[in-house]
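A short worksheet on the structure shown next.
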Amino acid sequence: MQMNLQARHALVTGGGTGVGSAIALALAEAGAAVTITGRREAPLRETAASHKNISWAVADVTDADELRAVFSSSAADRGRVTIAIANAGVAESQPFGRLTGEQWQQTIDVNLTGVFNTFQCALEPMLAAGWGRMIAIASVAGLKGSAYVSAYCAAKHGVVGLTRALAEELQPKGITVNAICPGYTQTPMLDRTLDNIMQKTGMSREQAAAALLKGSPTGKFVQPSEIADLVVRLCTDEAGPTTGAAIAMPEGIA
Ligand SMILES: NC(=O)c1ccc[n+]([C@@H]2O[C@H](COP(=O)([O-])OP(=O)(O)OC[C@H]3O[C@@H](n4cnc5c(N)ncnc54)[C@H](OP(=O)(O)O)[C@@H]3O)[C@@H](O)[C@H]2O)c1
């Protein structure tokens, strides 16, 4: 299948690092104009320097007004956004009894309300175009439970629910809505998780990695480029019939 997204403008939240950066590059290589957002300038600049099609703007996904301003300013330069990748996320682990209300709220704000804000900003331009692709980077934690990440699991289950509901609502408008649900993926977020396990348990990095990979069907961490390839496929015209899917990666993990 030819992946030609030349007439498209995609916005990727959390596009400066990890999965978001890989998605931005893959969409740019497929010909799309790509706008990446995040809170820190330095990683955004670095990813934008990797391809001429990538531009960047600072925006916090929990601030709907800030995000909306980027959707409209980038549309003025590069056409309306018809591909929205809600990728920004944070993960913290804590036994439920020690999880504070503030940590709970912050996790829900970024991982769930951030997706709500991104998709709401994208709705109007997609309706105007009569075509759209909304993709959330959820997690396997959106499909099954896991100890010590109750807030993250709740937020990611919420993302999957939002995706399924919106898919039903927007199918008649030519807009598809899908969620990708990866297991542990080789990114800065995984590095922080490994550091945390090593610090709390005294395990070596190899032992911590083996503990995380226990039960994985492949025995390997997902690579950001694998997620990015799937995103590009979901953005093609040929992927039009696929909507409301919550796609586990690797297959069989949930
Ligand atoms: N790595 C894994 O094992 C794994 C597994 C399953 C799912 N995921 C999901 O994959 C997505 C990407 O994570 P990653 O692994 O690539 O980790 P990462 O490298 O830490 O990327 C997260 C990105 O989100 C951005 N971000 C965080 N809070 C934000 C906010 N309030 N507003 C805007 N941007 C914000 C960060 O940039 P700034 O800090 O500059 O804002 C960063 O670029 C997340 O949704 C994560 O939950 C990851």
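Worth saying up front: this structure is predicted, and the values here are computed from it rather than measured. Every number for a ligand or one of its atoms is a count from 1 in the order of the listing.
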Quick one: are Leu212 and Leu194 in side-chain contact, heavy atoms under 4.5 Å?
yes
Side-chain heavy atoms of Val149 within contact of Thr107, under 4.5 Å
no
Run the numbers for me: atoms of ligand 1, each under 4.0 Å from some heavy atom of Pro188, listed by number.
19 (O)
Minimum-distance protein heavy atom relative to atom 10 (O) of ligand 1
Ile137 CG2, 3.4 Å
Arg192 N/O under 3.5 Å from ligand 1 N/O
yes
What residue and heavy atom of the protein are closest to atom 15 (O) of ligand 1, and at what distance?
Thr187 OG1, 2.6 Å
Which residue supplies the protein heavy atom nearest to atom 31 (N) of ligand 1, what is that atom called, and how far is it?
Asp60 OD1, 2.9 Å
Thr193 side chain reached by Ser93 side chain, heavy atoms, under 4.5 Å:
no
Could you please spell out the steps behind the side chain to side chain donor-acceptor pair (under 3.5 Å) verdict for Ser21 and Thr47?
CA-CA 6 Å; Ser21 177; Thr47 294; 3.0 Å; yes
If only atom types and distance count, is the side chain of Gln105 paired as donor or acceptor with the main-chain N or O of Glu102 below 3.5 Å?
no
Please report which non-hydrogen protein atom sits nearest to atom 32 (N) of ligand 1, along with the residue it belongs to and the distance in Å to one decimal place.
Val61 N, 2.9 Å
Decide whether the shortest distance between a heavy atom of Pro182 and an atom of ligand 1 is less than 4.0 Å.
yes
As a test of understanding, state which of Ile83, Leu5, Ile54 forms a side chain to side chain contact (heavy atoms under 4.5 Å, CB included) with Val34.
Ile54
Within the structure, does Thr17 bring an N/O atom to less than 3.5 angstrom of an N/O atom in ligand 1?
yes
For atom 13 (O) of ligand 1, what's the nearest protein heavy-atom neighbour? Residue, atom name and distance, please.
Met189 CE, 3.8 Å
The protein heavy atom nearest to atom 27 (C) of ligand 1 is Arg39 NH2, 3.5 Å
Atom indices of ligand 1, in the order listed, that fall short of 4.0 Å to a heavy atom of Gly89:
22 (C), 24 (O), 27 (C), 44 (C), 45 (O)
Do Leu230 and Ile135 have side chains that get closer than 4.5 Å, going by heavy atoms?
no
Should Pro224 be listed as contacting ligand 1, given a heavy-atom distance under 4.0 Å as the test?
no
Is there a heavy atom in Gly183 that sits closer than 4.0 Å to ligand 1?
yes
Looking only at protein heavy atoms, identify the closest one to atom 7 (C) of ligand 1 and say how far it is in Å.
Ala138 O, 3.2 Å
When you compare ligand 1 with Thr185, is there at least one nitrogen or oxygen pair between them that comes in under 3.5 angstrom?
yes
Would you check whether Thr13 reaches within less than 4.0 Å of ligand 1, judged by its heavy atoms?
no
Check this for me - ligand 1, Ser139, N or O atoms closer than 3.5 angstrom, yes or no?
no
Output yes when the distance from some N or O of ligand 1 to some N or O of Gly20 is under 3.5 Å, and no in every other case.
no
Counting both backbone and side chain atoms, is some N or O of Tyr184 under 3.5 Å from an N or O of ligand 1?
no
Answer whether the closest heavy-atom distance between the side chains of Trp56 and Thr37 falls below 4.5 Å.
no
Above 12 or not: heavy atoms from other molecules or residues under 6.0 Å from CD of Glu226?
yes
Taking all atoms of both residues into account, what is the closest heavy-atom pair of Phe119 and Ala84, and its distance?
CE2-O, 3.9 Å
Test item: Ser74 and His9 side chains (from C-beta on) under 4.5 Å apart, heavy atoms
yes
Would you indicate which of Gly14, Gly16, Ala59 comes nearest to atom 33 (C) of ligand 1 when only heavy atoms are counted?
Ala59
Which of the atoms of ligand 1 are close to Gly18, meaning less than 4.0 Å from one of its heavy atoms?
16 (O), 19 (O)
Could you check whether Asn178 and Thr163, counting side-chain N and O atoms only, form a donor-acceptor pair closer than 3.5 Å?
no
Any heavy-atom pair between the side chains of Val61 and Asp109 that's under 4.5 Å?
no
Looking at side-chain heavy atoms only, is the closest gap between Pro224 and Thr185 below 4.5 Å?
yes
Would you check whether Gln186 reaches within less than 4.0 Å of ligand 1, judged by its heavy atoms?
no
For ligand 1, which atoms, with element, lie under 4.0 Å from some heavy atom of Asn87?
11 (C), 12 (C), 44 (C), 45 (O)
Lys/Arg N to Asp/Glu carboxylate O, Arg8 vs Asp237, below 4.0 Å:
yes
Just heavy atoms, cut-off under 4.0 Å: does Val110 contact ligand 1 by side chain, backbone, both, or neither?
side chain
Has Tyr152 got any heavy atom lying under 4.0 angstrom from an atom of ligand 1?
yes
Atom 26 (N) of ligand 1: nearest protein contact (heavy atom, Å):
Ala88 CB, 3.9 Å
